[in-house]
Structures are given as structure tokens and as C-alpha cells.
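For the numbers below, each heavy atom of this structure counts, side chains included, while hydrogens, waters and symmetry mates do not. The chain is numbered in sequence order, starting from 1.
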Amino acid sequence: MIGIAILFIIFGILIKYGKMYFLIAGYNTISKEEKEKIDIKGIATLFRNVLFGMALTIIVGYFIAKNFENSNIENIAFFAAILVGVPYLLIASNSKKYKIRS
């Protein structure tokens, strides 16, 4: 689980600071004109924050599970991070907040 959390942190850093926007699903397939209408830096910040939050949830769940010697807590934390983080990321990144008005 710690490996998955580290992977989320690495992806967050790569998207935000490495400007590897191709890691964002669908971004490569839109036209250049459409890309100009999107606040990609804002979306990259959102991705970083959500991925870091998901990683933190997984890490905290891991340590709580180890402390209570109950691996179910670790699994619950992982699935909670995914089930909350992914829909939030999809809904928030597709909101009008990240559309540039022309």
C-alpha cells in the first residue's frame, strides 16, 4: 500500500511540476484550439492535490492498520481513497472553473 501511495505522489509531482499533462486522460486527444480553452495549470494543481490526498489517506490507513494489527483497515482506507478521490477528480476537473472564457 505504501508503494501505491508513493506512486500517487510521484504522479502528482510529474503532472504538476513535470508538466506531464499527457498523464491526464483525454488531454492528448483534444485539438490545440480546445487545449487553449482549458486552464491546464489549474487542472494540474487539482490532480496534484487529489493524488496527494489519496496518498495521505492510504498511508494513514496503513499505519492505523499496523497499529491495530487489522489489515481490513488498510483495505478500507485504500478503497475509500479511490471511491472518493476518483469521482471528485472527474467532477471537479470537468467543471466550468477550469474552462477559460474567450
Side-chain angles (χ1 to χ4, degrees):
M1 288 296 176
I2 296 294
I4 293 170
I6 290 170
L7 192 63
F8 283 174
I9 292 169
I10 290 170
F11 281 144
I13 290 169
L14 290 175
I15 290 170
K16 174 65 179 167
Y17 303 110
K19 297 184 190 241
M20 295 189 173
Y21 304 137
F22 66 88
L23 293 172
I24 299 172
Y27 186 71
N28 278 353
T29 61
I30 60 175
S31 66
K32 187 175 182 177
E33 294 79 27
E34 289 294 317
K35 286 180 182 179
E36 292 171 359
K37 296 178 183 177
I38 298 173
D39 176 15
I40 191 63
K41 290 183 181 180
I43 292 175
T45 301
L46 174 70
F47 266 75
R48 180 203 59 202
N49 293 344
V50 172
L51 288 171
F52 281 16
M54 291 169 65
L56 180 65
T57 303
I58 293 168
I59 290 168
V60 168
Y62 171 81
F63 285 113
I64 290 172
K66 293 299 173 197
N67 188 39
F68 289 105
E69 297 178 1
N70 184 350
S71 63
N72 287 334
I73 297 170
E74 186 177 5
N75 294 332
I76 291 168
F78 173 76
F79 286 111
I82 299 299
L83 292 174
V84 172
V86 172
Y88 176 77
L89 191 58
L90 292 172
I91 292 167
S93 65
N94 286 305
S95 70
K96 292 181 181 179
K97 180 179 179 180
Y98 300 106
K99 305 250 189 298
I100 298 173
R101 296 179 185 136
S102 30

Quick check: closest heavy atoms across Gly85 and Val50, and the distance to 0.1 Å?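 Between these two residues, the closest heavy atoms are O-CG1, 3.7 Å.
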Taking all non-hydrogen atoms of both residues, which atom of Ala77 and which atom of Gly61 are closest, and how far apart?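 In this case the closest contact between Ala77 and Gly61 is CB-CA, 3.5 Å.
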Among Phe79, Phe63, Phe8, find the one that has a side chain to side chain contact (heavy atoms under 4.5 Å, CB included) with Ile58.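 Considering Phe79, Phe63, Phe8, a side chain to side chain contact (heavy atoms under 4.5 Å, CB included) with Ile58 is found only for Phe8.
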Out of curiosity, does Phe47 fall in the hydrophobic cluster containing Val84 (side-chain heavy atoms, cut-off under 4.5 Å, transitive links)?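 No; Phe47 is not reachable from Val84 via cluster members.
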What's the separation between atom NZ in Lys99 and atom CG in Asp39, rounded to the nearest 0.5 Å?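 Between Lys99 NZ and Asp39 CG, I get 10.5 Å after rounding to 0.5 Å.
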Mind checking the CD1-OG spacing from Ile43 to Ser95? Nearest 0.5 Å is all I need.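 Atom-to-atom, Ile43:CD1 and Ser95:OG are 8.0 Å apart.
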Between side-chain atoms of residues 9-34 and protein atoms elsewhere (two or more places apart, or another chain), which donor-acceptor pairs fall under 3.5 Å?
from	atom 1	to	atom 2	distance (Å)
Lys16	NZ	Thr45	OG1	2.6
Tyr17	OH	Arg48	NH1	2.7
Thr29	OG1	Gly26	O	2.8
Ser31	OG	Glu33	OE1	3.4
Ser31	OG	Glu34	N	3.3

Listing request: all side-chain hydrogen bond (donor to acceptor under 3.5 Å, both in side chains) pairs with a residue in residues 70-89, at least two apart in sequence or in separate chains.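 Matches after skipping sequence neighbours: none remain.
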Does any pair with a residue in residues 50-67 pass side-chain hydrogen bond (donor to acceptor under 3.5 Å, both in side chains), and if so which ones, sequence neighbours excluded?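 Not a single pair qualifies under side-chain hydrogen bond (donor to acceptor under 3.5 Å, both in side chains).
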What residues join Ile76 in its hydrophobic cluster, counting side-chain heavy atom gaps under 4.5 Å, either direct or through other members?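 Ile76 clusters with nothing; isolated.
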Under a single-linkage rule joining Ile, Leu, Val, Met, Phe, Trp and Tyr whose side-chain heavy atoms are separated by less than 4.5 Å, which residues share a cluster with Leu56?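 Direct or chained contacts put Leu56 with Val60, Ile64, Phe68, Ile73.
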Please name all residues satisfying side chain to side chain contact (heavy atoms under 4.5 Å, CB included) with Val86, sequence neighbours left out, ordered by chain then number.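 Side chain to side chain contact (heavy atoms under 4.5 Å, CB included) list for Val86, sorted by chain: Met54, Ile82, Leu90.
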